Amino acid sequence: MKKKILALTLALALSLSLAACGGKDAPGQDADSGVPEVNAPEGGAPEGGETDAPDASAPEDGGTDSTETEAPEEINLSAFYNTLREGNIWPELMDLTTDANMKELLDSYYPGLAEIAAKQRRVYIAAMSAAVGEIALVEVENAEDVQAVEDIFQARIDYQVGDDATPGGAWYPETIEGWKTKSRIVSHGNYVMLAVGDASASAVEEFEALFA
């Protein structure tokens, strides 16, 4: 009898033991491994986490660096006059601007020219009235005065040529014709030139070459 009771007790203990073992969780694929999950950013990012940044050295407006244009050197009008005389044939000319005694004659031939603010002013007229030749060179201080100088130069031509009612100041027919057909007025920037004579066209070319 005791043996039967002992066998039943052992069988019951074994059953309870097996039931306890079957109730424990077995490790599976859903178990927490302890490694945090890392989510990749949408759209992807360059390796190393770097992103493209604007070049700080590039101009904001996308343009190129600008450099200031150097202003041309001032032209010496006396030296230019000497160049004209050396390279072309002109009649004997006398200077009305460097000699104070000639100021009255300058005002008579070019009224108003002396009143215009100028950095340089050179006027050379033929020593003989029958000769066709005259050079006037002016650098005005203000660009607004260029037109005024041109008007004064044109008035000089008109006076020398004259009209049907008034004889020209050049007087002689050949001289009047020379003033009518061989007078040139040209300007560039603040510089203005009047050239009269056979070499006037060449003088204009040399004047323009100063600014080429």
Side-chain angles (χ1 to χ4, degrees), residues 65-163 168-171 175-176 178-212:
D65 295 337
S66 60
T67 56
E68 296 183 359
T69 303
E70 296 183 0
E73 295 182 2
E74 184 175 281
I75 297 168
N76 187 314
L77 295 182
S78 294
F80 177 62
Y81 165 76
N82 292 331
T83 300
L84 293 179
R85 291 298 307 271
E86 292 172 359
N88 301 281
I89 298 176
W90 296 84
E92 185 64 29
L93 302 177
M94 59 182 183
D95 188 354
L96 297 187
T97 46
T98 58
D99 188 346
N101 296 325
M102 294 291 186
K103 185 180 184 306
E104 184 176 347
L105 195 58
L106 174 65
D107 293 339
S108 175
Y109 286 179
Y110 291 88
L113 186 62
E115 281 67 50
I116 294 178
K119 293 183 178 181
Q120 301 181 78
R121 186 185 295 109
R122 298 289 182 270
V123 178
Y124 308 87
I125 66 171
M128 297 179 61
S129 59
V132 180
E134 195 152 312
I135 299 174
L137 301 162
V138 177
E139 179 192 6
V140 297
E141 291 185 0
N142 304 305
E144 295 79 5
D145 290 329
V146 168
Q147 185 60 55
V149 174
E150 291 180 345
D151 292 343
I152 291 173
F153 286 174
Q154 186 59 53
R156 171 64 175 163
I157 297 172
D158 294 342
Y159 171 77
Q160 289 292 86
V161 173
D163 53 32
W171 190 256
T175 310
I176 292 175
W179 273 86
K180 183 185 297 185
T181 60
K182 299 176 182 179
S183 298
R184 303 287 187 275
I185 298 173
V186 62
S187 64
H188 196 293
N190 286 16
Y191 296 87
V192 191
M193 179 182 75
L194 165 65
V196 184
D198 294 335
S200 60
S202 177
V204 169
E205 292 179 1
E206 294 189 50
F207 179 85
E208 293 291 357
L210 295 173
F211 308 96

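Computation of the quantities below employed the complete heavy-atom set of this structure, encompassing side-chain atoms and omitting hydrogens, waters and symmetry-equivalent molecules. Owing to the predicted nature of the structure, the values given are computational and were not obtained by experimental measurement.
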Can you find a heavy atom in the side chain of Met102 that is under 4.5 Å from one in the side chain of Asp95?
-> no
Does Pro91 reach the side chain of Met128, with side-chain heavy atoms less than 4.5 Å apart?
-> no
Mark yes when over 12 heavy atoms from residues, nucleotides or ligands other than Met94 sit less than 6.0 Å from its CE; otherwise mark no.
-> yes
For a ring-ring contact (aromatic ring centres under 6.0 Å, His included) with Tyr191, tell me which candidate from Phe211, Phe80, Phe207 qualifies.
-> Phe211
How far apart are the closest heavy atoms of Trp171 and Ile176, and which atoms are they?
-> O-CD1, 3.6 Å
Taking Asn190 for its side chain and Glu139 for its backbone only, find out whether a donor-acceptor pair lies under 3.5 Å.
-> no
Can you check side chain to side chain contact (heavy atoms under 4.5 Å, CB included) on Leu93 and Tyr81, steps first, answer last?
-> CA-CA 11 Å; Leu93 302 177; Tyr81 165 76; 3.6 Å; yes
Considering residues at least two apart in sequence or located in another chain, which fulfil the side-chain hydrogen bond (donor to acceptor under 3.5 Å, both in side chains) criterion with Ser78?
-> Arg122
So do Gln154 and Ile185 actually touch side chain to side chain, heavy atoms under 4.5 Å?
-> yes
Point-to-point distance, once rounded to the nearest 0.5 Å, from NZ of Lys182 to OG1 of Thr175 = 10.0 Å
Would you sort out whether Val123 and Tyr109 count as a side chain to side chain contact (heavy atoms under 4.5 Å, CB included), showing the intermediate values?
-> CA-CA 10 Å; Val123 178; Tyr109 286 179; over 6 Å; no
Taking the six-membered ring for Trp, are Phe153 and Tyr110 parallel (under 30°), tilted (30 to 60°) or perpendicular (over 60°)?
-> perpendicular
Looking only at heavy atoms, the pair that brings Ala126 and Ala131 closest together is CB-O, 3.9 Å
Say you draw a straight line from CD1 of Ile157 to CZ of Arg184; how long is it, rounded to the nearest 0.5 Å?
-> 9.0 Å
Answer whether the closest heavy-atom distance between the side chains of Ile125 and Leu105 falls below 4.5 Å.
-> yes
Minimum-distance pair of heavy atoms, taken over all atoms of Val146 and Gly189 = CG2-O, 3.4 Å
Sequence neighbours left out, what passes salt bridge (Lys or Arg N to Asp or Glu O under 4.0 Å) with Lys180? Give chain and number order.
-> none
Does the side chain of Thr83 pick up a donor-acceptor pair with the side chain of Glu206 at under 3.5 Å?
-> no
Can you check whether Val138 reaches Ile152 side chain to side chain, under 4.5 Å on heavy atoms?
-> no
Could I get the full list of salt bridge (Lys or Arg N to Asp or Glu O under 4.0 Å) partners for Asp107, not counting sequence neighbours?
-> Lys103
For residues Arg121 and Leu113, determine if any side-chain heavy atom of one lies less than 4.5 Å from a side-chain heavy atom of the other.
-> yes
With no hydrogens and no angle check, is any side-chain donor or acceptor of Asn142 less than 3.5 Å from a backbone partner on Glu144?
-> no
Using modelled atom types only, decide if a donor and an acceptor are shared between the side chain of Gln120 and the backbone of Ile75 within a distance under 3.5 Å.
-> yes
Quick one: are Ser108 and Leu106 in side-chain contact, heavy atoms under 4.5 Å?
-> no
Separation of Leu84 CG from Met193 CE (nearest 0.5 Å) = 6.5 Å
